[in-house]
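Let me begin by presenting the structure, written as structure tokens, before commenting on it.
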Amino acid sequence: MQIFKFGGASVKDAAGVRNLAEIVSSYGNEQVVIVVSAMGKTTNKLEELVNKAHSGDTYEDAFIELKAYHRGVISELLSEMPERYVQFEESLAKELSELSQHDVMLAYDKVVPHGELMSTAIIEAYLKKQTNCQWFDARAVIRTDQYFTEANVDWVVTEKQIVRDLKPLAEKCIVVTQGFIGSDVEGNSTTLGREGSDYTGAILAYCLNAEGFTVWKDVPGILNADPRILEGTEQYEKLSYREVTEMTYYGAQVIHPKTLKPIAQKSIPLIVRSFLDKGKSGTTIASENTTKMIPCFVFKGNQLLVTAQVKDHSFMNEKKLGMILQVLDLLNIKINLMQNSALTFSFCIDNKEFKSRRIKELLNRDFILSFESPLNLATIKNYTPDSFNKLPWNRSIIMEQKTSNNYQVLYH
């Protein structure tokens with residue numbers, strides 16, 4: 001059994017959907033489960049809708065634009081509107097109208113999953129014209145807790161449900177399902193974190209004991225830097241699970257950070273291939289790689305620096321650090337860079353307004369808080385002396401750290 005994951009860029013238009021169908025058809029009689037993201041930039045548009053609808057602003061024009069985009073793709077692929085797609089469009093309209101009644105993170109998870117639901121409804125309808133396939137709701141098998149927007153998977157329940165409900169179907173036909181989404185014990189939709197479709201693919205690969213997991217992207221494989229930022233990038237032919245885990249920890253957009261653990265546990269190879277050039281072998285992530293690693297450059301924009309200062313002029317000791325880290329854990333916030341002094345603890349995180357609001361609410365009583373944004377974070381993993389020359393040196397440094405292998409700098 002093979003697990004294929006197609007991201008938003010690969011299905012952003014009718015040509016992309018046709019290309020997906022061509023790739024899947026080339027695998028003949030193999031058992032294939034297809035994990036699909038929302039089309040194009042739909043998740044961004046849905047996040048915009050959440051913000052507007054939850055705050056009571058007018059969102060109708062943005063909703064009409066979103067519907068027109070999907071219906072335009074449908075008109076190029078199909079002679080009629082898929083019934084399943086129409087149901088999700090109506091469900092989205094209903095959720096938006098009731099959104100102000102809910103906590104913002106629950107509201108997010110009620111709306112944003114519709115991107116994946118609508119894209120897979122369209123893809124299933126198109127694929128059915130060419131092959132035996134079946135749409136499957138990932139929320140029916142992927143059980144999570146109630147950490148909305150960053151839900152954690154209940155592996156025991158999830159594996160049981162996948163083996164019981166999804167595996168028999170996958171043995172009979174191609175399965176089209178959604179990345180990024182699950183559900184809690186009460187039946188609420190949940191999301192696994194941005195770019196979480198990779199993680200969904202890994203969950204399915206683990207639970208189905210897949211022979212391989214392929215992520216189809218718009219790049220030939222894993223590169224050592226974003227070619228839109230740095231020139232002269234190099235491609236890795238093979239990487240170890242450990243190396244890629246470290247790369248994703250620092251923010252490299254090669255694969256979702258949680259993806260590697262489940263497939264590494266069962267030694268399932270992960271291949272990153274280009275959907276634009278299907279003849280190339282891409283990058284294989286598997287066992288330990290003993291070859292010398294070239295430097296990897298990771299750039300993260302829209303960063304927020306939070307500085308917490310003690311109010312009573314006592315030390316920033318372990319107890320106070322524990323209070324801060326407990327709040328960040330409660331909010332499922334990952335620290336990208338941190339530094340402490342006698343009186344302060346500073347940490348850099350992804351800048352998300354609703355989470356920074358919660359930080360203020362939960363820490364303001366015990367600490368004097370300051371916030372600085374937007375900032376940029378650059379990381380060089382496995383740096384060499386000449387690799388520093390590739391960084392944008394015309395910057396104002398806010399914070400930097402250097403170890404024997406890695407260098408990080410936060411700057412304006």
- Message: What verdict does the side chain to side chain donor-acceptor pair (under 3.5 Å) test give for Glu243 and Asn382, after you've listed the backbone C-alpha separation in whole Å, the side-chain angles of each residue and the deciding distance to 0.1 Å?
- Response: CA-CA 10 Å; Glu243 194 69 34; Asn382 304 311; 3.0 Å; yes

- Message: Under a plain distance cut-off of 3.5 Å, with no hydrogens placed, do Gln303 and Asn376 share a side-chain donor-acceptor pair?
- Response: no

- Message: Among Tyr407, Phe388, Tyr250, which residue satisfies the ring-ring contact (aromatic ring centres under 6.0 Å, His included) criterion with Tyr383?
- Response: Phe388

- Note on the structure: Note: Ile398 and Leu375 closest approach over all heavy atoms is CG1-CD2, 4.1 Å

- Side-chain (Asn224) to main-chain (Glu234) donor-acceptor, under 3.5 angstrom: yes

- For Thr191 and Asp109, does a side-chain donor sit closer than 3.5 Å to a side-chain acceptor? yes

- Evaluate the side-chain proximity of Lys355 to Ile359: yes if any heavy-atom separation is below 4.5 Å, no if none is. no

- Task: Fit a plane to each ring of Tyr59 and Phe63, take the angle between them on a 0 to 90° scale, and name the class: parallel (under 30°), tilted (30 to 60°) or perpendicular (over 60°).
- Result: tilted

- If you draw a 6.0 Å radius around CZ in Arg164, do more than 12 non-hydrogen atoms from other residues or ligands fall strictly inside? yes

- On a heavy-atom basis, the closest approach of Phe213 and Ile263 is CD2-CG2, 4.4 Å

- Message: Counting only heavy atoms from other residues, nucleotides and ligands, does the tally under 6.0 Å from NZ of Lys67 exceed 12?
- Response: yes

- Message: Could you check whether atom NZ of Lys12 has more than 12 heavy atoms from other residues, nucleotides or ligands sitting under 6.0 Å from it?
- Response: no

- Separation between OG1 (Thr177) and CG (Leu204), nearest 0.5 Å, reads 6.5 Å

- Hey, which of Lys334, Arg194, Lys352 is the one that makes salt bridge (charged side-chain N to carboxylate O under 4.0 Å, His left out) with Glu150? Lys352

- Query: Is there side-chain contact between Phe297 and Lys381, with heavy atoms separated by less than 4.5 Å?
  - Reply: no

- Task: Evaluate the criterion side chain to side chain contact (heavy atoms under 4.5 Å, CB included) for residue pair Phe275 and Ser10; output intermediate values, then yes/no.
- Result: CA-CA 7 Å; Phe275 63 80; Ser10 64; 3.4 Å; yes

- Note on the structure: So CD of Glu98 and CD of Gln101: to nearest 0.5 Å the spacing works out to 5.5 Å

- State, without any angle test, whether Gln408 and Thr379 hold a side-chain donor-acceptor pair at a distance under 3.5 Å. yes

Let me have the donor-acceptor pairs involving side chains of residues 118-128, under 3.5 Å, with sequence neighbours excluded, atom names and distances please.
residue, atom, partner, partner atom, Å
Ser119, OG, Ser37, O, 2.8
Ser119, OG, Gly115, O, 3.4
Ser119, OG, Glu116, O, 3.1
Thr120, OG1, Glu116, O, 2.8
Thr120, OG1, Leu117, O, 3.1
Thr120, OG1, Trp135, NE1, 2.9
Thr120, OG1, Gln178, NE2, 3.1
Glu124, OE1, Arg84, NE, 3.2
Glu124, OE2, Arg84, NH2, 3.4
Glu124, OE2, Lys128, NZ, 3.4
Glu124, OE2, Trp135, N, 3.3
Tyr126, OH, Gln130, NE2, 3.3

- Query: Do Glu95 and His102 meet the criterion of a side-chain donor-acceptor pair at a distance under 3.5 Å?
  - Reply: no

- Query: Using a distance-only test with no angle check, is there a side-chain donor-acceptor pair under 3.5 angstrom linking Thr403 and Asn405?
  - Reply: no

- Could you tell me whether the side chains of Thr307 and Thr344 share a donor-acceptor contact shorter than 3.5 Å? no

- Item | Salt-bridge contact Arg18-Glu22 (side-chain N to carboxylate O under 4.0 Å) | no

- Message: In the structure I gave you, are the side-chain heavy atoms of Phe354 and Met105 within less than 4.5 Å of one another anywhere?
- Response: yes

- Going by atom types only, do Asp350 and Asn302 share a side-chain donor-acceptor pair under 3.5 Å? no

- Are side-chain heavy atoms of Leu192 and Lys258 found at a separation under 4.5 Å? no

- Heavy atoms, side chains only, cut-off 4.5 Å: are Met247 and Tyr236 in contact? yes

- Could you walk me through whether Ile255 and Val244 pass side chain to side chain contact (heavy atoms under 4.5 Å, CB included), step by step? CA-CA 8 Å; Ile255 213 81; Val244 177; 3.9 Å; yes

- Give a yes or no on whether the backbone of Lys52 and the side-chain of Asp57 come within a donor-acceptor separation of less than 3.5 Å. no

- Query: Going by atom types only, do Glu65 and Tyr69 share a side-chain donor-acceptor pair under 3.5 Å?
  - Reply: no

- What pair of heavy atoms forms the shortest contact from Thr43 to Ala38, and how long is it? OG1-CB, 3.7 Å

- Which side-chain hydrogen bond (donor to acceptor under 3.5 Å, both in side chains) pairs, counting each pair once, include a residue from residues 199-219, with sequence neighbours left out? Asn209-Lys266

- Query: Step by step, would you call Leu270 with Val215 a side chain to side chain contact (heavy atoms under 4.5 Å, CB included)?
  - Reply: CA-CA 7 Å; Leu270 188 157; Val215 176; 4.2 Å; yes

- Item | Residues Ser197, His256; criterion side chain to side chain donor-acceptor pair (under 3.5 Å); working and verdict | CA-CA 8 Å; Ser197 294; His256 188 275; over 6 Å; no

- When every non-hydrogen atom of Met399 is compared with those of Ser346, the smallest separation belongs to CE-CB, 3.8 Å

- Item | Closest heavy-atom pair and its distance - Ile271, Ser281 | CG2-O, 3.6 Å

- Message: Quick check against the 3.5 Å criterion: does Gln401 have a side-chain atom that pairs as donor or acceptor with the backbone of Met338?
- Response: yes

- May I ask you to check whether over 12 heavy atoms, not counting those of Lys280, lie within 6.0 Å of atom NZ? no

- Report yes or no: does Ser274 contribute a side-chain atom to a donor-acceptor pair with the main-chain N or O of Leu276 at less than 3.5 Å? yes

- Please walk me through it: do Ser183 and Ile142 pass side chain to side chain contact (heavy atoms under 4.5 Å, CB included)? CA-CA 6 Å; Ser183 67; Ile142 296 182; over 6 Å; no

Under 3.5 Å, sequence neighbours excluded: what are the donor-acceptor pairs made by side chains of residues 23-35?
residue, atom, partner, partner atom, Å
Ser25, OG, Ala21, O, 2.7
Ser26, OG, Ile23, O, 2.6
Tyr27, OH, Arg273, NH1, 3.2

- Thr158 and Arg143: side chain donor to acceptor below 3.5 Å: no

- Item | Where Gly221 and Gln235 come nearest, the two heavy atoms and their spacing | CA-NE2, 4.0 Å

- Query: Would you say the side chain of Val185 lies within less than 4.5 Å of the side chain of Asp145, judging by non-hydrogen atoms?
  - Reply: no

- Item | More than 12 heavy atoms of other groups within 6.0 Å of Arg71 CZ | yes

- Message: Less than 4.5 Å apart, side chain to side chain, heavy atoms only: is that true for Glu372 and His412?
- Response: yes

- Item | Lys320 NZ: over 12 foreign heavy atoms closer than 6.0 Å | yes

- Kindly check if the number of other-residue, nucleotide or ligand heavy atoms within 6.0 Å of CD (Glu361) is above 12? yes

- Message: Do Val175 and Leu166 have side chains that approach each other closer than 4.5 Å (heavy atoms only, starting at C-beta)?
- Response: yes

